[in-house]
Amino acid sequence: MNGPVRVRYAPSPTGLPHVGNLRTALFNWLFARSRGGQFIVRIEDTDRTRLAQGAVEGILSGLRWLGIDWDEGPEVGGPHAPYFQSERLEIYQEAAQRLVEAGRAYRCYCSPERLREMRRQQAREKLSPGYDRRCLNITPKELEERRREGREPVVRFRMPDSGEITVDDIIRGEVTWRSELLDDFVILKSDGFPTYHLANVLDDHHMEITHVLRAEEWLSSSPRHLALYDALGLAPPRFGHLPMILGPDRSKLSKRHGATSTLEYKEMGYLPEALVNFMALLGWSLDDRTEIMNRDMLVESFSLERVVKAGAVFNLDKLEWMNGVYIRAMSHEELAGRVLAYWREYPPAEPPQPVDPAYLLSIIPLAQERLKTLEDAAERSAFFFRSELEYEPKGLALKGADAATTAAALERVLSIVEGRPVFNAEALEQDLRRLGAELGLSGRQLFGLVRVAVTGGKVSPPLFQTMEVLGRERCRRRIRGAIQALTGASGGAEPASAP
RNA sequence: GGCGCAUUCGUCUAGUGGACUAGGACACCGCCCUCUCAAGGCGGAGAUCACGGGUUCGAACCCCGUAUGCGCCA
């Protein structure tokens with residue numbers, strides 16, 4: 001196996017791509033890119049009962065969003081097209097026929113009812129479940145009867161009666177099964193569609209896959225696959241079973257654990273580069289300290305030797321932190337662009353869209369280090385855009401002072417805002433500190449009051465920079481509005497509205 | 001039930017026989033910075049390395065067994 005590495009991601013289009021699936025895709029992709037090999041996408045759509053509308057599009061857009069590109073597969077084609085199993089049926093049917101002729105497989109006419117009864121019986125007698133080979137030695141007469149009944153058979157693979165099957169797993173080492181404990185599994189269903197096992201094995205061979213890297217849940221089917229390769233006279237690829245991604249209860253991550261589809265994370269405002277970095281660390285690590293790694297670093301340092309064996313719980317807290325790290329590392333322009341794009345795709349309730357990009361860009365430096373996700377941006381910046389603030393009188397109350405005193409203090413602030421020749425953070429800070437000293441108010445008290453007057457809330461970015469970004473006019477109107485709210489004067493000369 | 005895999009702080013992990021009084025990160029707590037919130041800095045708490053036996057002068061690390069969890073077979 002000295003040729004180039006060829007790996008694949010082979011999802012079933014049964015729903016939106018799940019983070020566990022995408023992590024498997026990521027590891028395959030990282031392995032391919034780190035070894036200068038190829039990454040192939042193949043759609044395993046042979047289970048027609050579970051097909052979901054739009055699933056293929058969802059899978060591909062999930063990959064694209066994460067920046068996982070494929071060398072062969074849907075949309076890009078390739079030398080082994082088609083890359084949809086539903087369009088490759090003849091390959092599977094022909095192989096199944098060949099296996100039947102060679103005595104390595106046989107047709108089975110057992111009804112679902114009989115199989116169910118058989119399993120019930122086995123469970124009752126505490127035997128290991130599995131097909132009892134009733135149809136392996138079917139007599140010509142019985143066969144004739146079944147045919148006359150018009151029953152369509154399935155094709156079962158005949159497992160070797162004895163011996164051991166050993167998988168030399170890249171991640172787990174050698175794992176051995178006794179083949180007589182494995183039953184004769186179906187390879188071709190009665191509707192002529194292959195099962196996962198047959199299609200997967202044949203396609204991996206035809207597509208010249210060198211390494212099958214898949215989740216651990218497939219480990220138990222690998223001896224069947226090896227037996228199939230053997231019966232077909234094909235050389236198997238190398239196998240590597242990756243640890244699974246688990247929910248907080250340590251069971252396989254699923255819908256009931258909350259958001260699991262990659263596109264949900266996109267909608268929640270996570271950055272693809274952060275998700276990629278985070279997923280790479282679920283079951284793999286570079287060393288005892290390196291955590292923040294961009295795509296190039298991951299490609300450069302990824303290796304299967306450092307893949308962990310045990311399953312990993314998906315820890316949202318850490319993803320959130322990492323997303324914040326990536327947000328903080330961006331330039332202001334970059335972040336502004338991302339926020340704008342995010343708002344275009346998922347318009348927030350506030351601020352009203354579209355937004356002035358230049359104004360947004362001036363806000364970004366104040367919001368950046370406070371964001372965990374892109375979704376936070378709307379809430380964090382909403383007050384910058386509001387045309388009218390609503391005050392709760394309690395919020396405006398200056399501790400230990402009555403409304404009139406508070407209003408008087410705000411009047412002083414207002415005259416500073418109106419009177420400053422230069423309206424910037426530095427100047428405002430100077431003046432407001434002086435005012436505080438004069439009024440005998442601490443910074444906490446005075447600035448807290450002004451903060452509520454100017455932003456409508458008790459929490460905001462640093463006050464003076466915030467005021468500078470808001471601009472003199474907005475500050476003036478808002479402070480007036482606050483004074484009115486305090487004094488109850490409703491008929492002011494100027495309405496406290498308009499930004 | 002059968003088969004298989006796994007098991008180091010709550011979570012992700014480092015660790016491949018002596019540098020382990022087990023390191024880092026997230027989360028948590030405290031202090032500093034400070035106009036609030038963050039971010040940042042410093043510090044703290046948190047793992048008898050699942051348990052029990054061995055092997056060895058010495059074991060988180062090697063061997064055996066047990067337990068638990070998970071996966072697959074439906």
Side-chain angles (χ1 to χ4, degrees), chain A residues 112 115-116 118-120 122-131 165-167 169 171-183 185 196 215-224 241-253 277-292 305-325 327-329 365-372 376 380 395 425 428-429 432-433 436 441-452 454-455 457-467:
Chain A
L115 294 173
R116 218 173 299 133
M118 178 193 72
R119 273 187 222 110
R120 214 170 307 155
Q122 287 165 338
R124 219 177 300 131
E125 293 172 26
K126 300 205 190 298
L127 297 168
S128 57
Y131 183 61
I165 300 177
T166 297
V167 176
D169 191 278
I171 293 160
R172 277 149 227 282
E174 293 193 344
V175 184
T176 301
W177 289 262
R178 304 226 320 266
S179 45
E180 65 266 31
L181 295 178
L182 272 14
D183 76 339
F185 57 99
Y196 166 81
E216 193 199 329
E217 55 191 307
W218 299 109
L219 183 58
S220 338
S221 36
S222 51
R224 299 174 214 280
H241 289 90
L242 306 170
M244 303 216 294
I245 295 189
L246 315 173
D249 62 355
R250 304 205 72 91
S251 69
K252 191 160 106 173
L253 192 65
N277 191 158
F278 178 73
M279 288 197 301
L281 260 16
L282 246 31
W284 176 85
S285 69
L286 173 59
D287 54 30
D288 62 340
R289 53 197 68 252
T290 315
E291 297 212 287
I292 302 299
E305 289 76 58
R306 294 197 59 82
V307 171
V308 153
K309 292 187 180 78
V313 173
F314 189 90
N315 181 198
L316 194 59
D317 274 338
K318 190 149 183 175
L319 205 212
E320 223 174 52
W321 163 77
M322 194 171 275
N323 208 57
V325 170
I327 283 178
R328 274 173 252 132
L366 300 181
Q368 186 162 26
E369 69 188 24
R370 293 169 176 77
L371 300 182
K372 291 221 180 303
D376 295 342
R380 290 272 174 193
L428 284 165
E429 175 159 12
L432 287 172
R433 279 193 191 282
L441 293 171
S442 69
R444 198 185 196 84
Q445 290 174 300
L446 210 220
F447 304 157
L449 171 63
V450 178
R451 164 171 291 110
V452 173
V454 136
T455 71
K458 284 185 170 154
V459 173
S460 85
L463 181 61
F464 313 114
Q465 283 99 306
T466 300
M467 290 176 76

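What you see below is based on every heavy atom in this structure, not just the backbone, and it leaves out hydrogens, waters and symmetry mates. In what follows, chains carry the letters A, B, and so on, assigned in the order in which the sequence lines appear, proteins first and then strands, with residues in each chain numbered from 1.
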- Between C1' of B/G23 and CG of A/Asp287, the distance in whole Å: 11 Å
- If the C1' atom of B/C49 is compared with that of B/C20, how far apart are they to the nearest Å? 11 Å
- Closest to the A/Val459 side chain: B/C3, B/U36, B/G23? B/U36
- On a whole-Å scale, what distance lies between the P atoms belonging to B/A14 and B/A67? 28 Å
- Whom does B/C9 pair with, Watson-Crick or G-U wobble, provided both distances fall under 3.5 Å? none
- Sugar-phosphate only, base, or nothing, as touched by A/Glu217 at under 4.0 Å among non-hydrogen atoms: sugar-phosphate
- In whole Å, what separates the C1' atom of B/G58 from that of B/G18? 7 Å
- Message: Going by the rule salt bridge (Lys or Arg N to Asp or Glu O under 4.0 Å), which residues pair with A/Arg380 if we only count those two or more places apart in sequence or in a different chain?
- Response: none
- Task: Answer with base, sugar-phosphate or nothing: what part of the nucleic acid does A/Leu282 contact at a heavy-atom distance below 4.0 Å?
- Result: sugar-phosphate
- Message: Would you compute the distance between atom CD1 of A/Ile171 and atom CZ of A/Arg306 and round it to the nearest 0.5 angstrom?
- Response: 13.0 Å
- Distance, rounded to the nearest Å, where A/Phe314 contributes CZ and B/U13 contributes P: 12 Å
- Which base, if any, makes a Watson-Crick or G-U wobble pair with B/C35, both distances under 3.5 Å? none
- Just by modelled atom types, is the A/Leu246 backbone N or O under 3.5 Å from a matching donor or acceptor in the A/Arg250 side chain? no
- With a 3.5 angstrom cut-off on both distances, give the Watson-Crick or G-U wobble partner of B/C28, or none if there isn't one. B/G44
- Task: Round to a whole Å and report the spacing from CZ of A/Arg289 to C1' of B/C26.
- Result: 16 Å
- Query: Rounded to the nearest 0.5 Å, how far apart are CD1 of A/Ile245 and CG of A/Leu253?
  - Reply: 7.0 Å
- What distance separates A/Met467 CE from A/Phe447 CZ, expressed to the nearest 0.5 Å? 10.0 Å
- Item | Between B/G4 (C1') and A/Arg224 (CZ): distance, integer Å | 11 Å
- Below 4.0 angstrom from OP1 or OP2 of B/U36, is there any side-chain N or O of A/Arg444? yes
- Query: Now, which nucleotide makes the Watson-Crick or G-U wobble pair with B/G2, with each of the two distances under 3.5 Å?
  - Reply: B/C72
- Assign A/Pro223 to base, sugar-phosphate, or nothing according to its heavy-atom contacts below 4.0 angstrom with the strands shown. nothing
- Query: Looking at B/U36, B/C5, B/U11, which one has an atom nearest to any side-chain atom of A/Val313?
  - Reply: B/U11
- Query: Reckon A/Gly283 touches a base, only the sugar-phosphate, or nothing at all at heavy-atom distances under 4.0 Å?
  - Reply: sugar-phosphate
- Message: Looking at A/Lys372 and A/Asp317, is any side-chain nitrogen of the basic one under 4.0 Å from a carboxylate oxygen of the acidic one?
- Response: no
- Inter-nucleotide P distance (B/U36, B/G10), Å rounded: 35 Å
- Which nucleotide, B/A39, B/A6, B/G24, lies nearest any side-chain atom of A/Glu291? B/G24
- Got a salt bridge between A/Glu291 and A/Lys318, using NZ or NE/NH1/NH2 to carboxylate O under 4.0 Å? yes
- Task: Identify whether any heavy atom of A/Val450 sits under 4.0 Å from a base atom; if not, whether one sits that close to sugar-phosphate; answer base, sugar-phosphate or nothing.
- Result: nothing
- Item | Under-4.0 Å side-chain N/O to phosphate OP1/OP2 contact, A/Lys252 with B/C72 | yes
- Task: With the side chain of A/Arg328 defined as its heavy atoms from C-beta on, choose the nearest nucleotide among B/C3, B/A39, B/A74.
- Result: B/A39
- When rounded to whole Å, the CG to P distance for the pair A/Leu219 and B/C5 reads 7 Å
- Item | Gap in Å between the two P atoms, one belonging to B/U68 and one to B/C62, rounded | 24 Å
- Task: Name the closest nucleotide to the A/Lys318 side chain, picking from B/U36, B/G4, B/C26.
- Result: B/C26
- Could you check which nucleotide pairs with B/G17 in any of the strands shown, counting Watson-Crick or G-U wobble with both distances under 3.5 Å? none
- Side chain of A/Lys309, base of B/A6: donor and acceptor closer than 3.5 Å? no
- Interatomic spacing from OG in A/Ser460 to CZ in A/Arg370 - rounded to 0.5 Å: 7.5 Å
- Message: Under 4.0 Å, heavy atoms only, any strand: does A/Ser460 hit a base, just the sugar-phosphate, or nothing?
- Response: base
- Partner of B/A22 by Watson-Crick or G-U wobble geometry, both contacts under 3.5 Å, or none? none
- Task: Using the P atom on both, measure B/C9 against B/A50 and round to a whole Å.
- Result: 7 Å
- When all nucleic acid strands are considered with a 4.0 Å heavy-atom cut-off, which category describes A/Met244: base, sugar-phosphate, or nothing? sugar-phosphate
- Message: Checking contacts here: which listed nucleotide (B/U13, B/C35, B/C26) is nearest the side-chain heavy atoms of A/Ser285?
- Response: B/U13
- Starting at CG of A/Asp249 and ending at P of B/G10, how long is that distance when rounded to a whole Å? 17 Å
- Task: Between B/C5, B/C35, B/C72, spot the one nearest the side chain of A/Phe464, thanks.
- Result: B/C35
- Query: Is there a donor and acceptor pair, one atom on the side chain of A/Arg250 and one on the base of B/C70, closer than 3.5 Å?
  - Reply: no
- Message: Please report the distance, rounded to the nearest Å, between CZ in A/Arg178 and P in B/C73.
- Response: 21 Å
- Can you find a donor-acceptor pair, distance only, under 3.5 Å between A/Arg451 side chain and B/C35 base? yes
- Message: So, taking the atom named CH2 in A/Trp177 and the one named OG in A/Ser222, what distance separates them when rounded to the nearest 0.5 Å?
- Response: 4.0 Å
- Note on the structure: Among the nucleotides B/A25, B/C37, B/C5, whichever has the atom closest to the side chain of A/Glu216 is B/C5
- Message: Go nucleotide by nucleotide along RNA chain B from the 5' end; which of A/Asp317 and A/Ser251 gets its closest nucleotide reached first?
- Response: A/Asp317
- Task: Could you let me know what B/U66 is paired to, Watson-Crick or G-U wobble, both distances under 3.5 Å, or none if it's on its own?
- Result: B/A50
- Task: Using atom CD1 of A/Ile327 as one end and atom P of B/G40 as the other, report the distance to the nearest whole Å.
- Result: 13 Å
- Note on the structure: Paired to B/U55 by Watson-Crick or G-U wobble criteria (both distances under 3.5 Å) is none
- Message: Please classify the nucleic acid contact of A/Thr176 as base, sugar-phosphate, or nothing, using heavy-atom distances under 4.0 Å.
- Response: sugar-phosphate
